[in-house]
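What you see is a predicted model; the values in this text were computed from it and never measured. The chains referred to below are lettered A, B, ... by the order of the sequence lines, with proteins before strands, and numbering in each begins at 1.
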Amino acid sequence: MKDDHFLASAPQPLVVIVGPTASGKTALAIELAEQYGGEIICADSRTIYKEMDIGTAKPTPDERARVPHWGLDLVAPNERYTAADFKQYANQKIDEIRRRGHVPFLVGGTGLYVDAVIFDYQFSSKANDKLRAKLNALSIEQLHGYCAKHNIILPENKNNKRYVIRAIEQNNQPTTRKSAPISASIIVGIATERDVLRTRISARTEQLFEDGVVEEATILGEKYGWNSEAMTGNIYPLVHAYLENRLTLAEVKEKYTTVDWRLAKRQLTWLRRNPYIQWYGLTEAKQFLSRHLAIE
RNA sequence: GCUGGGGUAGUGAAGCGGUCAAACACAACAGACUGUAAAUCUGUCCUCUUUCGAGUUCGCAGGUUCGAAUCCUGCCCCCAGUA
C-alpha cells in the first residue's frame with residue numbers, strides 16, 4: 001500500500017496518532033514510545049502553554065519521565081503561537097529525534113497542527129497586528145466592502161470575521177499543501193464509540209476538579225487576565241464564572257462536559273475528511289502499530 | 001379553602017385574535033476552517049418530503065369567531081400570598 005519499505009535507507013517512520021480529546025491516544029503513544037524507543041511530539045494547541053497543566057490535561061510528570069515529550073510549555077499564555085510556528089518546531093524535532101535513532105511520534109488532537117506537518121502546509125504572510133487591530137474595528141459588512149474594493153477573494157466562511165481579516169492580511173497570496181502525507185508517515189486515528197467517549201469525557205471533567213483546576217485557573221486569571229486568548233478556551237472561562245458566582249460547581253462541570261464533547265465532535269469532523277487516517281480502536285491500534293514498529 | 005400568577009417545540013423563554021410551525025437562547029445533529037484552531041464561523045433542528053409543499057401542534061375538553069397559542073366556560077396540574 002505504501003512504498004516506504006522499499007526505500008534504500010528508510011528513515012525512522014513518523015508515527016502519527018490522532019483522535020478526539022479523551023480518546024486515549026496519549027496513553028497509547030506513551031506505551032508504544034516506551035517500548036519502541038520513541039519520543040512524543042504533542043500536536044496540541046493548548047498544551048503548548050506554560051502553567052496551563054491541569055486544565056489542558058497535559059501529560060503528567062510521571063508520564064513525561066517515561067518518554068521524552070516535546071511541544072509542551074513552549075510559550076506563556078499571553079504569547080501568540082500559531083500553526084506555522086508549530087509546523088516548524090515539529091519538523092525540527094522530528095529531525096532531531098531521528099538523528100538520535102529514535103522514532104518520532106506526532107500525537108494530538110489539533111487537526112490543523114497535525115495537517116500542517118503531514119501535508120507540509122506552506123503558510124503565507126505572518127500576522128500583522130496593526131492591520132488586524134484596524135480591521136477588527138470594522139463590521140463584517142464593512143470588511144466585505146473592503147474586500148470588494150481591493151479585489152480580495154472572500155474565504156468560504158465569509159461571515160467569519162477572523163477569516164475575512166486573515167484573507168485581507170494575506171492579500172490573495174497563495175497557500176499550498178501536499179496532496180498526500182509526507183513520506184514515511186503512518187497515520188492512525190483512535191476510533192471510539194460515542195457513548196464510551198462521552199463517558200470518558202465526563203469522567204475526565206471530575207478528574208480535572210480533583211486535580212485542582214479551580215486553583216490553577218485562579219492563579220492564571222490573576223496573572224494573565226481572563227481575556228487572553230489562551231484563557232478563552234476550554235475550562236477556564238467556566239471556572240471564572242464559578243469564581244464570580246455566576247455558576248455553581250455542578251453547573252460548571254456539566255457545561256464543561258458538553259463543551260468538551262463539542263470539541264471532540266469538531267475534531268472528528270476535521271479528521272473525517274483525511275482519507276489517509278487508518279482508524280482503529282485503542283487495542284487494535286496498539287497491535288497494528290506494534291507490528292509496524294517491530295519490523296523497523 | 002381563598003387570592004394572585006402560570007402551564008408554549010428536548011430545555012429555558014417570547015408571543016397574547018389573522019403576517020405563528022411559533023422570536024430568542026441553550027442543548028442536539030451536520031459542516032467549514034493554512035500564521036489566535038480546546039479558537040472562529042455556517043446549516044438543520046414538530047412530522048412526512050431531495051425540492052415545491054402537505055399534515056399535525058401551544059396542559060385537557062368544549063365554546064365564541066370568517067379566523068384562536070392568543071377571547072370565554074369547565075376540568076387537571078404548578079408556583080406565590082393567605083385561612
Task: Along RNA chain B (nearest heavy atom to each residue), the more 5'-positioned of Glu229(A) and Arg266(A) - done: Glu229(A)

Open item on the list: By the 4.0 Å heavy-atom rule, please label Arg177(A) as base, sugar-phosphate, or nothing.
Closed with: base

- [ ] Report the distance from atom CG of Asp129(A) to atom P of rG35(B), rounded to the nearest whole Å.
- [x] 14 Å

Task: Pairing partner (Watson-Crick or G-U wobble, both distances under 3.5 angstrom) of rA54(B) - done: rU47(B)

Task: Approximate separation, where rounding is to 0.5 Å, of His69(A) NE2 and Lys58(A) NZ - done: 11.5 Å

TODO: Taking atom P in both rA9(B) and rA69(B), compute the distance separating them and give it to the nearest angstrom.
DONE: 14 Å

Open item on the list: Heavy atoms only, 4.0 Å cut-off, all strands: where does Gln267(A) land among base, sugar-phosphate and nothing?
Closed with: nothing

Open item on the list: If I take atom CD1 from residue Ile54(A) and atom CD from residue Glu216(A), how far apart are they, to the nearest 0.5 angstrom?
Closed with: 4.5 Å

TODO: Describe the nucleic acid contact of Asp115(A) in one word from base, sugar-phosphate, nothing, applying a heavy-atom distance below 4.0 Å.
DONE: nothing

Task: Glu96(A) side chain to Gln92(A) side chain, donor-acceptor N/O pair below 3.5 angstrom - done: yes

- [ ] Assign Ala116(A) to base, sugar-phosphate, or nothing according to its heavy-atom contacts below 4.0 angstrom with the strands shown.
- [x] nothing

Open item on the list: Whole angstroms only, please: what is the CD-C1' distance between Glu254(A) and rA27(B)?
Closed with: 10 Å

TODO: Could you tell me the separation between the CD atom of Glu251(A) and the CZ atom of Arg246(A), rounded to the nearest 0.5 Å?
DONE: 11.5 Å

Open item on the list: We want to know whether Thr205(A) and Arg200(A) form a side-chain donor-acceptor pair, criterion being a heavy-atom distance below 3.5 angstrom.
Closed with: no

Open item on the list: Measuring only the P atom in each nucleotide, how far is rC72(B) from rU65(B)? A whole number of Å is fine.
Closed with: 15 Å

- [ ] For Thr110(A), answer base if it contacts any base atom (sugar-phosphate contacts may also be present), sugar-phosphate if it contacts only those atoms, and nothing otherwise; contact means non-hydrogen atoms under 4.0 Å.
- [x] sugar-phosphate

Task: C1' spacing across the pair rG12(B) / rA23(B), given as an integer number of angstrom - done: 14 Å

Task: Rounded distance in Å between the P positions of rU57(B) and rU70(B) - done: 13 Å

Task: Pi stacking test for Phe123(A) and rU34(B): under 5.5 Å apart, planes under 30° - done: no

Open item on the list: I need the OH-C1' distance between Tyr89(A) and rG35(B), as an integer number of Å.
Closed with: 18 Å

- [ ] Take His150(A) and Tyr146(A) through the test ring-ring contact (aromatic ring centres under 6.0 Å, His included) and record every step on the way to the result.
- [x] CA-CA 6 Å; His150(A) 297 267; Tyr146(A) 183 101; 4.1 Å; yes

TODO: Looking at every strand, decide which applies to Asn159(A) at a 4.0 Å heavy-atom threshold: base, sugar-phosphate, or nothing.
DONE: sugar-phosphate

Open item on the list: So Phe119(A), base contact, sugar-phosphate only, or nothing? Heavy-atom distance under 4.0 Å.
Closed with: nothing

Task: Any Ser124(A) side-chain N or O less than 4.0 Å from OP1/OP2 of rU34(B) - done: no

Task: Arg46(A) side-chain N/O to rU36(B) phosphate OP1/OP2 under 4.0 Å - done: no

Open item on the list: Does a side-chain N or O of Tyr163(A) approach OP1 or OP2 of rA32(B) to a distance below 4.0 Å, or not?
Closed with: no

Open item on the list: Using OP1 and OP2 only, check whether a side-chain N or O of Arg262(A) sits under 4.0 Å from rA28(B).
Closed with: yes

TODO: For Lys255(A) and for Tyr113(A), locate the closest nucleotide of RNA chain B by heavy-atom distance; then report the residue assigned to the nucleotide nearer the 5' terminus.
DONE: Lys255(A)

Task: Whole-Å gap separating P (rG31(B)) and CG (Asn274(A)) - done: 15 Å

- [ ] Decide, yes or no, whether a salt bridge links Arg64(A) with Asp73(A) under the criterion of side-chain N to carboxylate O below 4.0 Å.
- [x] yes

TODO: Could you check how far CG of Leu271(A) sits from P of rA32(B), rounded to whole Å?
DONE: 12 Å

Open item on the list: I'd like the C1' distance from rA68(B) over to rA61(B), given in whole Å.
Closed with: 16 Å

Task: rG81(B) - base-pair partner by Watson-Crick or wobble geometry, distances under 3.5 Å - done: rC2(B)

- [ ] Respond yes when some side-chain nitrogen or oxygen of Arg166(A) is under 4.0 Å from OP1 or OP2 of rU40(B), and no when none is.
- [x] no

Open item on the list: Tell me which one of Ile165(A), Leu154(A), Ile152(A) satisfies side-chain contact (heavy atoms from CB on, under 4.5 Å) with Leu143(A).
Closed with: Ile165(A)

Open item on the list: Does a side-chain N or O of Trp270(A) approach OP1 or OP2 of rU40(B) to a distance below 4.0 Å, or not?
Closed with: no

Task: Integer angstrom distance from the C1' of rU44(B) to that of rA21(B) - done: 15 Å

Open item on the list: With rounding to the closest Å, how many angstrom separate the C1' atoms on rU56(B) and rG6(B)?
Closed with: 26 Å

- [ ] Would you please confirm or rule out a distance under 4.0 Å between OP1 or OP2 of rA37(B) and any side-chain N or O of Arg162(A)?
- [x] no

Open item on the list: Applying a 4.0 Å non-hydrogen cut-off, can you work out what Arg132(A) is touching in the nucleic acid: base, sugar-phosphate, or nothing?
Closed with: base

Open item on the list: Check this one for me: any side-chain N or O of Arg194(A) less than 4.0 Å away from OP1 or OP2 of rC29(B)?
Closed with: yes

Task: Rounded interatomic separation in angstrom, taking CG from Asp85(A) and P from rU36(B) - done: 9 Å

- [ ] Write down the distance separating the P atoms in rG62(B) and rG5(B), rounded off to the nearest Å.
- [x] 27 Å

TODO: Any strand is fair game: report the nucleotide pairing with rA30(B) by Watson-Crick or G-U wobble, both distances under 3.5 Å, or none.
DONE: rU42(B)

Task: Pairing partner of rU19(B) (Watson-Crick or G-U wobble, both distances under 3.5 Å) - done: none

- [ ] Just call it for Arg204(A): base, sugar-phosphate, or nothing, with non-hydrogen atoms closer than 4.0 Å on any strand.
- [x] nothing

- [ ] Under 4.0 Å between any heavy atoms, over every strand shown, what does Gly111(A) touch: base, sugar-phosphate, or nothing? Just pick one.
- [x] nothing

